[in-house]
Amino acid sequence: MPRDLARRAVRRLRRVLGGTPPTPPAVPAAPVPVVGYVVAGGGGAHPASAHVRVVRRTEHLAGSGRASVRQVDPVTFVDGSDATDYRAVLVQRDALPVVLVAPFLAAAEARGIRVVAEVDDDFFTESGRARLARAEYDPSRLASIDALVRGADVVVVSTAELASVVRPLASRVEVVPNALDPGIWTPGDPVVDDDLRTDEHRVLYMGTMTHTADLALLRDVFTDLVASDGRPVRLEVIGVTDDAPADWYRRVEVPDGHYPAFARWLVDHRTRWRAGVAPLRDEEFNRAKSDLKAIEYTALGLPAVVSDRPSYRIARDHGITAVPDDVTAWRTAVRAAVDAGVADDATVRWVRTDRTIGTDGDTWRAVLLD
């Protein structure tokens, strides 16, 4: 039928039917899956590891529209008063008391809900457990993690080395490297610390209490260290140890606040330092550590000097300076980093494109949603 005849036929049909045919009703969109998570703390107040590994990622997942996320109360999940049809529930470390692990796993199995365990440290080898005990991990916390890993449907870890430790215990293991939240780690205008001395350079070392022994590796590195311009190089420490400050390093007190506020404080005050360091002793526990410190220093715009360990193998391939256990090599590398004062451009691009939430691949989301 010629096009003009077809148009006239449509107009006649509309007159007969009394106007424009009604629009078909919209098909309701399928509800998005619900993902639950169990971490220490609540209301945004969580340990740093919970923010890095779980909370910040779930917030981005919710923001993408691909899932609804909520923090799960283990007690109401077990007793059934929380009857939400979760696609999966992610449990971090020892967030479940050991007495609740078995009932939680049983309740999830009965409801067809997958349990994803998340661990980012060696909680399993004898030497790892001994080191964590020195950092005040009591046996019940370690027992909770062990039971969770053995009973979960899948375990998410931060490094390939840790995966090799966990694999004999778990049904399935997936490696998801640490990544930074761009909402926290994207620099704005820095805060100028007007009271800082200008006759010295400062180098940052930050970490948890599990790194107290690693700090000692830096004593001979920073004792009487001088930059190429003749100014002394001073190590500043955030966290790491509760020992009294020594004459070879200075403790920096950070305003109270949880990880997001702490990270923003670092970003705002990033011009305080010329470089960052991350020493690791050659110990079994440290071989499973992640390269989080290297990517955090890079996000601050600082060149990083790290121990040449498996943890930093990939970071080294992207421009991070990794040095052997030799004081002279460390002093040379720290001096060069201080002289440079800024992170390598290629390293910064790597962190932005590969180690930032939203650009770091889909493994984590696939584990929860597939």
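For Pro33 against Arg87, the heavy-atom pair with the smallest separation is CB-NH2, 3.5 Å. Across all non-hydrogen atoms, the minimal contact from Val233 to Val226 is CG2-C, 4.1 Å. Summarising the geometry of Arg167 relative to Val173, their closest heavy-atom pair is CA-CG2, 3.9 Å, with the distance given to 0.1 Å. Closest of all the heavy-atom pairs between Ser311 and Ala288 is OG-C, 4.5 Å. Taking each heavy atom of Arg331 and Asp220 in turn, the nearest pair found is NH1-O, 3.1 Å. Counting all heavy atoms, side chain and backbone alike, Ala333 lies closest to Val323 at CB-CG1, 3.5 Å.
To the nearest 0.5 Å, atoms CG (Asp193) and CZ (Arg202) are separated by 8.0 Å.
No salt bridge links Arg57 with Glu118; every basic N to acidic carboxylate O contact stays at or beyond 4.0 Å. Between Arg309 and Glu161 there is no salt bridge, since none of the side-chain N atoms of the basic residue sits less than 4.0 Å from a carboxylate O of the acidic one. Under the 4.0 Å criterion applied to side-chain N and carboxylate O atoms, Arg287 and Asp122 are not assigned as salt-bridge partners. Ion pairing between Asp120 and Arg93 holds under the 4.0 Å rule for side-chain N and carboxylate O. With respect to the salt-bridge test (charged N to carboxylate O, under 4.0 angstrom), the residues Asp362 and Arg66 qualify. Ion pairing between Arg234 and Glu236 fails under the 4.0 Å rule for side-chain N and carboxylate O. Using a cut-off of 4.0 Å between Lys/Arg side-chain N and Asp/Glu carboxylate O, Asp268 and Arg264 are scored as salt-bridged. Between Asp146 and Arg150 there is a salt bridge, with a side-chain nitrogen of the basic residue lying less than 4.0 Å from a carboxylate oxygen of the acidic one.
Looking at Leu100, Leu96, Asp73, Leu105 one by one, the single match for side chain to side chain contact (heavy atoms under 4.5 Å, CB included) with Val78 turns out to be Leu100. Applying side chain to side chain contact (heavy atoms under 4.5 Å, CB included) to His60 and the options Val55, Val69, Asp181 leaves one that passes, Asp181.
A 6.0 Å sphere centred on CZ of Arg352 holds no more than 12 heavy atoms belonging to other residues, nucleotides or ligands. Annotation: Leu217, atom CG; neighbour count of heavy atoms from other residues, nucleotides and ligands within 6.0 Å is above 12. Annotation for Glu200: atom CD counts as buried by contact number, over 12 foreign heavy atoms lying within 6.0 Å. Atom CZ of Arg250 has more than 12 heavy atoms from other residues, nucleotides or ligands within 6.0 Å. Environment of CG in Asp199: crowded, with over 12 heavy atoms of neighbouring residues, nucleotides or ligands closer than 6.0 Å. Around the CG atom of Asp224, the shell of radius 6.0 Å holds no more than 12 heavy atoms that belong to other residues, nucleotides or ligands.
Annotation: cation-pi pair Arg111/Tyr86 absent, no NZ/CZ under 6.0 Å from the ring centroid and within 45° of its normal.
Side-chain atoms of Arg270 come within 3.5 Å of backbone N or O of Val267 as a donor-acceptor pair. With Arg56 contributing its side chain and Pro182 its backbone, the two residues share no donor-acceptor pair below 3.5 Å. Of the possible donor and acceptor atoms, one in the side chain of Asp326 sits under 3.5 Å from a partner among the backbone N and O of Ala329. Between the side chain of Thr321 and the backbone N or O of Val305, no donor-acceptor pair lies under 3.5 Å. Here the side chain of Thr125 pairs no donor or acceptor atom with the backbone of Val165 at under 3.5 angstrom. Here the side chain of Asp214 pairs a donor or acceptor atom with the backbone of Arg281 at under 3.5 angstrom.
No side-chain heavy atom of Thr356 sits under 4.5 Å from any side-chain heavy atom of Trp185. By the 4.5 Å heavy-atom criterion applied to side chains, Val338 and Leu225 are not counted as neighbours. The closest side-chain heavy-atom distance from Leu266 to Ile238 is below 4.5 Å. At least one side-chain heavy atom of Tyr297 sits under 4.5 Å from a side-chain heavy atom of Met206.
His318 and Asp354 are not linked by any side-chain donor-acceptor pair at a separation below 3.5 angstrom, with hydrogens and angles left out of the test. There is no side-chain donor-acceptor pair under 3.5 Å between Arg365 and Ser64. Between Arg53 and Asn178, the side chains place a donor N or O and an acceptor N or O closer than 3.5 Å (distance only, hydrogens not considered).
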Phe104 and Phe77: CA distance, side-chain angles, deciding distance, ring pair (Phe, Tyr, Trp, His ring centres under 6.0 Å) verdict | CA-CA 7 Å; Phe104 191 95; Phe77 182 88; 4.4 Å; yes
Could you go through the side chain to side chain donor-acceptor pair (under 3.5 Å) check for Thr84 and Arg70 one step at a time?
-> CA-CA 10 Å; Thr84 305; Arg70 64 184 66 175; 3.2 Å; yes
Given Leu148 and Val115, is the side-chain contact (heavy atoms from CB on, under 4.5 Å) satisfied, shown in steps?
-> CA-CA 9 Å; Leu148 174 67; Val115 174; 4.2 Å; yes
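Ring geometry for Tyr259 against His51 counts as parallel: the plane angle stays under 30°, on a 0 to 90° scale with 60° as the upper cut.
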